[in-house]
Amino acid sequence: MIDIGFGTFCTSADGRISTNHTFRIKNLIFEKVMESFNANLRDLFRLLDLCKKEGIEIFRLGSNFIPYASHSLFKQEWLSKIEPSLIEAGDKIKQNYNIRITMHPGQFIILNSPKKEVLENSLRELKYHFWVLDTLGIGEDGIVIIHIGGVYGDKKRAIERFINNVNENKWLKRRLAIENDEKMFTAQEVLAIAKTLELPFVFDLLHHKLNPSSFPMEEIIKTWNGKGIPKFHLSSMGEGKKGIHGEYVNFEDFIELIKMLRDTGIKKVHLMIEAKQKEKAIKKLKDQIVIRNR
DNA sequence: TCGAGTCAAGTTCAG
DNA sequence: CTGAACTTGACTCGA
């Protein structure tokens, strides 16, 4: 039997608690940053309490935690004013919670873009993510997950660019993890990149089903060697519209992933449940597992 | 107070 | 050519 630690992200199911408070860029001043940051910090602990209560083992911090922190108009000295609160928060997390914290920046982070500016912006954004996790004192398993990026009409070149850009910015390897996406890069392709760069591979079942390929699951698990408990994304298709995350996870999808994992002999995994109903979706899944095992 | 429209950023593809 | 989708909803305005 595989030991499964479930994970949730950014907000509570009712949407009332969020680590993604923000404001409009035209209103960017230090006071607005602090207002959102303080709300995000307060809600982070509310969410960590919720996770503790629900037995959730992994939490994804929202990328808006410090709004516009990587924007060119954001003054870097503001970060040094925020730093003490983050260090304090990190201590509090270590003392009171046993939870893994990760991040997953948005679709704008593209390390294989042919445009110099896009690459630079992406690196700045990733640097901010690393800084947050480092300042909180989060361990090595606090990964930052991204997709490979665009294809630009030549996938081989696009992959080469990704590999070169990571190799030219070696600091990325400390926390970077890569994920297969639902359109462009299959699990098979991401696995090859992960092996070349020695990056952990976060396998996403829904993306794999929309963009299938064949690969040995043991190889995916091997990419996690020394980088924490192997992490997977699990979600189900929303009703009607394709590609959109559903409210809950279909039990069949859960079973499908577990079947893939079972034969590898892995003992423990983290499953990030990407469902709109967040902690409620986890609860429902756990209930179904209990019923199934009865 | 609430629903609708809008929001920093890239890229792709359905329609 | 446009809008919507991915990461995630949150904010803002006007009725």
Side-chain angles (χ1 to χ4, degrees), chain A residues 7-28 32-33 35-40 42-44 47 59-74 102-129 143-155 157-159 161-162 165 176-186 190 202 204-211 233 235-238 240-247 272-279 281:
Chain A
T8 188
F9 58 102
C10 302
T11 64
S12 58
D14 63 13
R16 286 206 289 231
I17 318 175
S18 167
T19 58
N20 271 335
H21 293 275
T22 184
F23 52 89
R24 296 292 190 253
I25 184 75
K26 64 178 181 189
N27 299 324
L28 178 59
K32 293 293 282 183
V33 174
E35 192 184 310
S36 291
F37 168 67
N38 285 325
N40 289 334
R42 178 200 64 208
D43 279 5
L44 169 62
L47 286 162
F59 179 73
R60 178 193 300 165
L61 186 57
S63 287
N64 282 340
F65 194 53
I66 306 170
Y68 306 107
S70 74
H71 194 281
S72 56
L73 294 173
F74 188 102
T102 66
M103 294 181 89
H104 190 355
Q107 68 273 38
F108 308 107
I109 288 27
I110 298 170
L111 290 181
N112 75 352
S113 176
K115 297 177 197 157
K116 192 162 167 256
E117 204 178 308
V118 174
L119 174 63
E120 281 170 3
N121 290 343
S122 299
L123 289 170
R124 255 210 326 274
E125 178 75 355
L126 286 168
K127 201 174 151 200
Y128 146 68
H129 281 76
I143 50 170
V144 176
I145 303 152
I146 61 166
H147 295 280
I148 304 302
V151 168
Y152 312 93
D154 187 340
K155 196 178 258 187
R157 280 240 179 99
I159 290 173
R161 249 190 336 267
F162 185 90
N165 288 340
L176 203 68
I178 51 180
E179 179 186 348
N180 56 312
D181 65 78
E182 82 285 12
K183 272 188 198 155
M184 316 306 303
F185 293 93
T186 63
V190 174
V202 177
D204 184 305
L205 180 66
L206 179 63
H207 292 164
H208 170 65
K209 287 166 77 165
L210 293 168
N211 187 17
H233 287 177
S235 59
S236 295
M237 219 108 76
K241 290 177 265 182
K242 62 168 181 171
I244 303 181
H245 289 159
E247 298 288 320
M272 178 59 70
I273 302 302
E274 295 183 319
K276 290 201 196 303
Q277 290 299 324
K278 308 285 164 74
E279 77 279 4

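Letters A, B, ... are given to chains in the order of the sequence lines, protein chains preceding strands, and every chain is numbered from 1.
Under the 3.5 Å distance criterion, the side-chain polar atoms of N211(A) are matched with a main-chain donor or acceptor of D181(A). The closest donor-acceptor contact from the side chain of H104(A) to the backbone of I145(A) lies under 3.5 Å. A distance-only check finds a donor-acceptor pair linking the side chain of Y68(A) to the backbone of I25(A) [under 3.5 Å].
The residue S63(A) sits apart from the nucleic acid: no heavy atom pair falls under 4.0 Å.
For S36(A), there are no side chain to side chain donor-acceptor pair (under 3.5 Å) partners two or more places apart in sequence or in a different chain.
Among the nucleotides dG10(B), dA9(B), dA10(C), the one closest to any side-chain atom of E125(A) is dA9(B). Residue F108(A) places its side chain closer to dA9(B) than to any other of dG9(C), dT6(B), dA9(B). Picking from dC13(B), dT12(C), dT11(B) the nucleotide with the shortest atom distance to the side chain of K115(A) gives dT11(B). The side chain of I110(A) has dT11(B) as its nearest neighbour among dT12(B), dA10(C), dT11(B).
Between K183(A) and A275(A), the residue whose closest nucleotide on DNA chain C is further toward the 5' end is K183(A).
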What do the steps show when you test R16(A) against D14(A) for salt bridge (charged side-chain N to carboxylate O under 4.0 Å, His left out), and what is the final call? CA-CA 5 Å; R16(A) 286 206 289 231; D14(A) 63 13; 3.6 Å; yes

Nucleotide-level pairing of DNA chain B, given in dot-bracket where Watson-Crick and G-U pairs need both distances under 3.5 Å and | marks other strands: |||||||..||||||

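In this structure, R157(A) places its CZ atom where only 12 or fewer heavy-atom neighbours from other residues, nucleotides or ligands lie under 6.0 Å away.
A distance of about 15 Å separates the P atoms of dA4(B) and dA4(C), rounded to the whole Å.
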